[in-house]
Trainee: 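Structure provided below as structure tokens; questions to follow.
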Amino acid sequence: MTKKTIAIVGAGLAGLSCAVRLTELGHHVELFEKSRGPAGRMSTKRNEGWAADHGAQYFTARDPMFIEQVKKWVADQTVALWTPEIKVYEANQWSTFQSQDLRYVGTPAMNTPAKQLAKGLVLHASQTIDALSRKDGQWFLHSAEAGNIAKGFDELILAIPGPQALTLAQHLDPHIQTITGQSNMKGCWTLMARFQDRPEVSFEAAFVNQEIISWVARNSSKPQRTGQESWTIQANPLWSQEFIELSKEEVTERMLACAKTLGLDCTEAEIVVHRWRYASGSTTATLGFYSNPALHLGMCGDWLNGGRVEGAWLSGYHLASQFA
Ligand SMILES: Cc1cc2nc3c(=O)[nH]c(=O)nc-3n(C[C@H](O)[C@H](O)[C@H](O)COP(=O)(O)OP(=O)(O)OC[C@H]3O[C@@H](n4cnc5c(N)ncnc54)[C@H](O)[C@@H]3O)c2cc1C
């Protein structure tokens, strides 16, 4: 295949794995990312003297290709196993969570694998792509921060959540509406708490089957975490979706009241709340990726491939392999 110039919108794990593979195949790739750095939903929130992973909490690896990638990350200390004491809270009762799954986390923060993949790539950060156009067989991008991007690209890849891809590109490709319509993405309210001392609770992580909270984890129990004691609490996707427009103050009050019933009293803690508008999608999505060769347009992301970190990485990798 002739070497192409390819623009990728979104530097989450899908966009990054796609970019790495395309570069290996000899193409010229440029990433455009609206945040200040890569990682997307594998991010870590840094505060004064403390930090907490506020998106993906850990990931698993089942596909042989992703297992190989994880082995490399483990070898270069980008990633490590996390083996917390996990409990389950259901019907007002606690039990121990039994699972053979190996759980991996980035070290020293969840965004490290993304930063590792981004090394050597051309990444334009703080560039929100808000308009796309085609002229003379090339794609042109417009950024909210920088205006028109002068350079044209042979191919365009959208590595952003389905609803955002719909807004950006539905007028360009009629299939996008149908495909993104199946993404079923829900929001997630995430609360991070910084404590002076380690709270006295009998777990380091917990799956909670309750109306408001679905997950609690001691961020400080993850490998290589430094800084003050921090915990991450995530709200149930259905509750989050229903109350996604609530004020942060109200969400904090409701989530903390619920955390207290689980034995985690955050009264003295410093609290930071984050609203994810598009946190997780369908875990049954099997399309893998989307490619429209006639339009020179592709899409990848977790929402096309099982809704998790592993699915995002594989989605980007397999889309890129179409350009071999
Ligand atoms: C709260 C939460 C908890 C989670 N827990 C887990 C877990 O425990 N295990 C697990 O495996 N997965 C988990 N996930 C899911 C996991 O984080 C995602 O599956 C994965 O990170 C998605 O990667 P992606 O590249 O597909 O998308 P993203 O990471 O969303 O990447 C898309 C990127 O595109 C950028 N972008 C969007 N629009 C534009 C635009 N117009 N212009 C430029 N840039 C743009 C975004 O800033 C973002 O960086 C969780 C997610 C959340 C939010």
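The figures that follow rest on heavy atoms only: side chains count, while hydrogens, waters and symmetry mates do not. In each ligand, atom 1 is the first atom listed, and ligand 1 is the first ligand listed. Because the structure is predicted, anything quoted here is derived from the model rather than measured.
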Trainee: Nearest heavy-atom pair of A217 and Q57: which atoms, and what distance?
Mentor: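 Looking at all heavy atoms of both residues, the shortest contact is CB-OE1, 3.8 Å.
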Trainee: Hey, which atoms in ligand 1 end up nearer than 4.0 Å to a heavy atom of G301?
Mentor: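 Counting from 1, the qualifying ligand atoms are 26 (O).
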Trainee: Which protein heavy atom lies closest to atom 25 (O) of ligand 1, and at what distance to 0.1 Å?
Mentor: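 It is A14 N, 2.9 Å.
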Trainee: Could you tell me which atoms of ligand 1, counted from 1 in the order shown, lie closer than 4.0 angstrom to a heavy atom of S35?
Mentor: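 In order of numbering, the contacting atoms are 47 (O).
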Trainee: Return the minimal non-hydrogen interatomic distance between F140 and K135, and the atom names on each side.
Mentor: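 Closest heavy-atom pair between F140 and K135: CE1-O, 3.8 Å.
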Trainee: Are side-chain N/O atoms of Q177 and H175 paired as donor and acceptor at under 3.5 Å?
Mentor: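 No donor-acceptor contact under 3.5 Å links the two side chains.
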Trainee: Is there a continuous path of hydrophobic side-chain contacts, each under 4.5 Å between heavy atoms, that joins I157 to F289?
Mentor: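 Yes, one cluster joins them.
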Trainee: Could you walk me through whether I179 and L166 pass side chain to side chain contact (heavy atoms under 4.5 Å, CB included), step by step?
Mentor: CA-CA 9 Å; I179 295 165; L166 178 69; over 6 Å; no
Trainee: Nearest heavy atom to atom 39 (C) of ligand 1: which of T128, D130, I160, V105 does it belong to?
Mentor: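 That would be I160.
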Trainee: If the cut-off is 4.0 Å to any non-hydrogen atom of Q127, which atoms of ligand 1 fall inside it?
Mentor: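 Reading through ligand 1 atom by atom, the close ones are 42 (N), 43 (C).
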Trainee: With a 3.5 Å cut-off and no angle check, do the side chains of R21 and S321 form a donor-acceptor pair?
Mentor: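 Note: R21 and S321 side chains meet the donor-acceptor criterion.
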Trainee: Identify, for atom 34 (O) of ligand 1, the protein heavy atom at the shortest distance, and state residue, atom and that distance.
Mentor: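 Protein heavy atom with the smallest distance to atom 34 (O) of ligand 1: G10 CA, 3.2 Å.
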Trainee: According to the interplanar angle, ranging from 0 to 90°, do the rings of H274 and H54 count as parallel (below 30°), tilted (30 to 60°) or perpendicular (above 60°)?
Mentor: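 The rings of H274 and H54 stand perpendicular, inter-plane angle above 60°.
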Trainee: What about L13: any of its N or O atoms under 3.5 Å from an N or O on ligand 1?
Mentor: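 Yes; the residue has a nitrogen or oxygen that sits under 3.5 Å from a nitrogen or oxygen of the ligand.
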Trainee: Which of these, A56, C18, C188, G37, has its nearest heavy atom closest to atom 14 (N) of ligand 1?
Mentor: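 It is A56 that holds the nearest heavy atom.
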Trainee: Have a look at G307, G55, S214, A125 and point out the one with the heavy atom closest to atom 15 (C) of ligand 1.
Mentor: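 That would be G307.
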Trainee: Nearest non-hydrogen atom to atom 32 (C) of ligand 1 belongs to which of A235, A159, S240?
Mentor: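 When every heavy atom of A235, A159, S240 is considered, A159 comes closest to atom 32 (C) of ligand 1.
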Trainee: Which atoms from ligand 1 have a heavy atom of Q164 less than 4.0 Å away?
Mentor: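 Close to Q164: 37 (C), 38 (N).
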Trainee: Specify side chain, backbone, both or neither for A39, according to which of its non-hydrogen atoms lie closer than 4.0 Å to ligand 1.
Mentor: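 Contact part for A39 vs ligand 1: backbone (N, CA, C, O).
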Trainee: Can you name the atoms of ligand 1, numbered from 1 with element, that are less than 4.0 Å from a heavy atom of V9?
Mentor: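 Taking each heavy atom of V9 in turn, ligand 1 has 40 (C), 42 (N), 43 (C) under 4.0 Å.
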Trainee: We want to know whether N111 and S43 form a side-chain donor-acceptor pair, criterion being a heavy-atom distance below 3.5 angstrom.
Mentor: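 Side chains of N111 and S43: no pair found under 3.5 Å.
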Trainee: List, one per line, each side-chain donor-acceptor pair under 3.5 Å for residues 4-16, sequence neighbours excluded.
Mentor:
{"unit_1": "K4", "atom_1": "NZ", "unit_2": "E155", "atom_2": "OE2", "d": "3.1"}
{"unit_1": "T5", "atom_1": "OG1", "unit_2": "D154", "atom_2": "N", "d": "3.1"}
{"unit_1": "T5", "atom_1": "OG1", "unit_2": "D154", "atom_2": "OD2", "d": "3.3"}

Trainee: Looking only at non-hydrogen atoms, which of H274, K34, H54 approaches atom 44 (N) of ligand 1 most closely?
Mentor: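 Nearest heavy atom to atom 44 (N) of ligand 1 lies in K34.
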Trainee: Around atom 16 (C) of ligand 1, find the nearest protein heavy atom and jot down its residue, atom name and distance.
Mentor: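 The protein heavy atom lying closest is V309 CG2, 3.9 Å.
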Trainee: Should the pair W73 and F59 be assigned to parallel (<30°), tilted (30 to 60°) or perpendicular (>60°) ring geometry?
Mentor: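 Plane angle over 60°, so perpendicular.
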Trainee: Determine, considering heavy atoms only, which of Q234, E310, M42, M185 sits nearest to atom 1 (C) of ligand 1.
Mentor: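 Checking each option, the heavy atom nearest atom 1 (C) of ligand 1 is found in Q234.
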Trainee: Who's the nearest protein heavy-atom neighbour of atom 19 (O) of ligand 1, and how far?
Mentor: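 Result for atom 19 (O) of ligand 1: D302 OD2, 2.8 Å.
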Trainee: In the protein, which heavy atom is nearest to atom 7 (C) of ligand 1, and how far is it?
Mentor: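 Minimum-distance protein heavy atom for atom 7 (C) of ligand 1 reads Y58 O, 3.3 Å.
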Trainee: What part of Y278 sits under 4.0 Å from ligand 1 if we count only heavy atoms: the side chain, the backbone, both or neither?
Mentor: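 It is neither; nothing of Y278 touches ligand 1.
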Trainee: What protein heavy atom lies closest to atom 42 (N) of ligand 1? Include the residue and the distance to one decimal.
Mentor: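 Minimum-distance protein heavy atom for atom 42 (N) of ligand 1 reads I129 N, 3.0 Å.
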Trainee: For atom 29 (O) of ligand 1, what's the nearest protein heavy atom and its distance?
Mentor: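 It is R41 N, 2.8 Å.
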Trainee: Looking at atom 35 (C) of ligand 1, what's its closest protein heavy atom, distance included?
Mentor: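 Here the nearest protein heavy atom works out to E33 OE1, 3.3 Å.
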Trainee: Need the ligand 1 atom indices (1-based, order shown) with element for anything under 4.0 Å from a heavy-atom of G40.
Mentor: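 What qualifies from ligand 1 is 29 (O), 48 (C), 49 (O).
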Trainee: Under 3.5 Å, N or O to N or O, is Q57 touching ligand 1 that way?
Mentor: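 Such a contact does occur with ligand 1.
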Trainee: Write out all pairs satisfying side chain to side chain donor-acceptor pair (under 3.5 Å) with one or both partners inside residues 231-244, taking only residues at least two apart or from two chains.
Mentor: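 Residue pairs with at least one partner in residues 231-244: E229-W231.
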Trainee: Between D130 and H142, does any side-chain donor sit less than 3.5 Å from a side-chain acceptor?
Mentor: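 The criterion, which ignores hydrogens and geometry beyond distance, is satisfied for H142 and D130.
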Trainee: Can you sort out which atoms of ligand 1 are near F32, meaning under 4.0 Å from one of its heavy atoms?
Mentor: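 Selected atoms, number and element: 43 (C), 44 (N).
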Trainee: Ignoring hydrogens and angles, state whether a donor on the side chain of S221 or W82 is under 3.5 Å from an acceptor on the partner side chain.
Mentor: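 Present: a donor and an acceptor within the cut-off.
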Trainee: Ring-plane angle category for F153 and F32, please: parallel below 30°, perpendicular beyond 60°, tilted otherwise.
Mentor: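 Rings of F153 and F32: perpendicular, over 60°.
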Trainee: Consider only side-chain N and O atoms of H124 and E33, and report whether a donor and an acceptor are under 3.5 Å apart.
Mentor: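 Distance-only check fails for H124 and E33.
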